[in-house]
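The structure appears right after this line, and notes come after that.
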Amino acid sequence: MLDRKLIRENPDFVKEAALRKGVVAKVDEFLGTDTLWRKATHELGEANAEMNRISKTIGQLMGQGKKEEADAAKSQTAELKARIKELEEDERFHEAELCKLELTFPNLPHPSVPDGKTPEENVTVKEWGDKVLASKNHTEIASELGLIDFERASKVTGSGFAVYTGLGAKLQRALINFMLDFQVEHNGYREVAPPALVTSQSLVGTGNLPKFAEDLYKCEGDDLWLIPTAEVPVTNLYRDEILDLIDMPYKLAAYTPCFRREAGAAGKETRGIQRTHQFDKIELVKYVLPEWSYEELESLVTDAEDILQALGLHYRVLLLCAGDMGEKGCKCYDLEVWAPGEGRYLEVSSCTNFEAYQARRSNIRFRRAPGEKPEFVHILNGSGLAVPRLMIALLETYRQEDGSILIPEPLRSYMGTDVI
RNA sequence: GGACAGGUGGCUGAGUGGUCGAAAGCGCUCGCCUGCUAAGUGAGUAAGGGGCUUCCCCUUCGCGGGUUCGAAUCCCGCCCUGUCCGCCA
């Protein structure tokens, strides 16, 4: 959600910025509706003020025992009351229209974000580590070593799911624990373990609803949805709250399973566990002061990179172009890890500065000093990291001549072994 | 799932039809006093929206409806919290 004042005062700026994302924002429609809404709001206010005056007078007359005069005053209210009802309906109607329009506006890209429409126009800003070549892909490796059972997974739940078995299951658990511990111990995050189901309202707060309902799993019979990422429950943690400046920035790290319908996705890029309907992920979420949010974005990226470096995996960092970064972000970096067996890079993290977009939707604010007006916080998040794709990179990178997998040093204590 | 109790400002908590957007206390801000004090004292202190913007108006007492000239207060529905019972990993 954008600042209404910004749209009113700089309609052309909003149009142009939205256009960089390839979105034709209905700014003119918004302005028209906004005018109607403000007119209705204003008239309703005046009508209410009049009614309040009359009511107050009646109260006073009653208090003085002047019942007849009070009754006389009462008789004048009928018309006004009807008018108020009409104006209320007007106001409500325009307000609803306004909300509907507002929710279709994308967040505006930061000036430092490059132009572009397609993934090809994203800019590689960094590469780290050595690119290992030639290897079996992870599905072959996993079957060889008995780490993942795809056949039985599809029997139980259908396609797009995996059953991790033996040391495969343990590797998943090791990665989760390692990543969480790392972020808490080295980068100052606080661990939270949120629910995996959330209400519609929470999904509106993060911008997943109303536009992206078809990407989500909905529970029949309840207003509950399976989360597509921990971003949803964690961002909503402080909904409708005014945060303490002293505690900022808030840095939270959460592990959850994530559920995505991935409707339409199929083919080579879904092989194995590259894109499953359920996967595990560590999510990093930060609530920060507006003036620091771009510095915080950079450090969020390095926090996520730390994991890849600790595991010694080759990766690159992309700065996404305006057209490829999605609706909600202002600036977004993707971390892509090299998967030798697949022969391509896999996205393991997407670090985004949303500025006040989500804070406005979820009403999360802070106060600079006692007595001052609350302001919206800036919210950022990024994966730290997605487990299955990380596991792919690990298996494919650390496969040795004899077919076994060398476990990187930081994971050994979690695995209880240095080789699979 | 059943029964009962309750949801009020940053917090505690009073308020059962009319100057109540709301007593009191805590906290906080500014000032005074006191030669040291986690003391005393005075004033201020909710949010959102709108306007003819040193001031005024509207909305908000869990949420949504209703009754009424007027609702924190009465009625209906829902949500949430607590306690007890039942059930259960």
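Here is how names work: the chains are called A, B, and so on, in the same order as the sequence lines, proteins then strands, and each is numbered from 1.
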(request) Using a cut-off of strictly less than 4.0 Å, decide whether K56(A) has a side-chain nitrogen or oxygen near OP1 or OP2 of rC69(B). (result) no

(request) Could you please name the partner base of rU54(B), counting Watson-Crick and G-U wobble pairs only when both distances are under 3.5 Å? (result) none

(message) Under a plain distance cut-off of 3.5 Å, with no hydrogens placed, do Y294(A) and E355(A) share a side-chain donor-acceptor pair?
(response) yes

(request) Please give the nucleotide sitting opposite rU67(B) as a Watson-Crick or G-U wobble pair, both distances under 3.5 Å, or none. (result) none

(message) Quick check: on RNA chain B, is the nucleotide nearest Q60(A) upstream (toward 5') of the one nearest K81(A), or the reverse? Name the residue that is more 5'.
(response) Q60(A)

(request) Could you work out the separation of rU83(B) and rU34(B) based on their C1' atoms and round it to a whole Å? (result) 50 Å

(request) Name the pairing partner of rU81(B), where a pair is Watson-Crick or G-U wobble with both distances under 3.5 Å, or state none. (result) rA5(B)

(request) Check whether any side-chain N or O of R92(A) sits under 4.0 Å from OP1 or OP2 of rG65(B), and answer yes or no. (result) yes

(request) Please determine, for the side chain of R8(A), which listed nucleotide (rG48(B), rC69(B), rG50(B)) has the closest atom? (result) rG50(B)

(message) With rounding to the closest Å, how many angstrom separate the P atoms on rC76(B) and rG86(B)?
(response) 30 Å

(message) If the threshold is 4.0 Å, N to carboxylate O, is there a salt bridge linking D28(A) and K15(A)?
(response) yes

(request) Report which part of the nucleic acid R360(A) touches: base, sugar-phosphate, or nothing (heavy-atom distance under 4.0 Å, all strands). (result) nothing

(message) Taking only side-chain N and O atoms of R365(A), does any of them lie within less than 4.0 angstrom of OP1 or OP2 on rA47(B)?
(response) no

(request) Hunt down the Watson-Crick or G-U wobble partner of rU12(B), both distances under 3.5 Å, from any strand shown, or write none. (result) rA24(B)

(request) Specify the separation, in whole Å, of atom CG of D71(A) and atom P of rC69(B). (result) 10 Å

(message) Testing the 3.5 Å rule here: is there a donor-acceptor pair between the side chains of E283(A) and Y255(A)?
(response) no

(message) Check for me whether the distance between the ring centres of F279(A) and F259(A) falls short of 6.0 Å.
(response) no

(request) Identify which nucleotide among rG51(B), rG70(B), rU59(B) has an atom closest to any side-chain atom of N48(A), counting heavy atoms from C-beta outward. (result) rU59(B)

(request) Write down the distance between NE2 (H42(A)) and P (rU53(B)), rounded to a whole number of angstrom. (result) 12 Å

(request) Using atom CZ of R53(A) as one end and atom C1' of rC57(B) as the other, report the distance to the nearest whole Å. (result) 9 Å

(request) Would you indicate which nucleotide in rG48(B), rG50(B), rC58(B) comes nearest to any side-chain atom of P374(A)? (result) rG48(B)

(request) Look at all strands and tell whether I54(A) reaches a base, only sugar-phosphate, or nothing, counting heavy atoms closer than 4.0 Å. (result) nothing

(message) Starting the side chain at C-beta, find the nucleotide from rG70(B), rG49(B), rG48(B) nearest to S55(A).
(response) rG70(B)

(message) Nearest heavy atom decides the nucleotide; on that basis, is A73(A) or E50(A) closer to the 5' end of RNA chain B?
(response) E50(A)

(message) What's N52(A) touching, base or sugar-phosphate or nothing? Going by heavy atoms closer than 4.0 Å.
(response) sugar-phosphate

(message) What's the closest nucleotide to the side chain of A49(A) if the choices are rC69(B), rC58(B), rG65(B)?
(response) rC58(B)

(request) Using a strict 4.0 Å threshold on nitrogen-to-oxygen distance, state whether E191(A) and K251(A) make a salt bridge. (result) no

(message) One thing to verify: whether D115(A) and R20(A) come together as a salt bridge, which I'm taking to mean a side-chain N less than 4.0 angstrom from a carboxylate O.
(response) yes

(message) Just to be sure I understand the rule, does G45(A) reach a base, reach only the sugar-phosphate, or reach nothing, if contact means heavy atoms closer than 4.0 Å?
(response) sugar-phosphate

(request) Ignoring backbone atoms, test whether R38(A) places a side-chain nitrogen or oxygen under 4.0 Å from the OP1 or OP2 oxygen of rG51(B). (result) yes

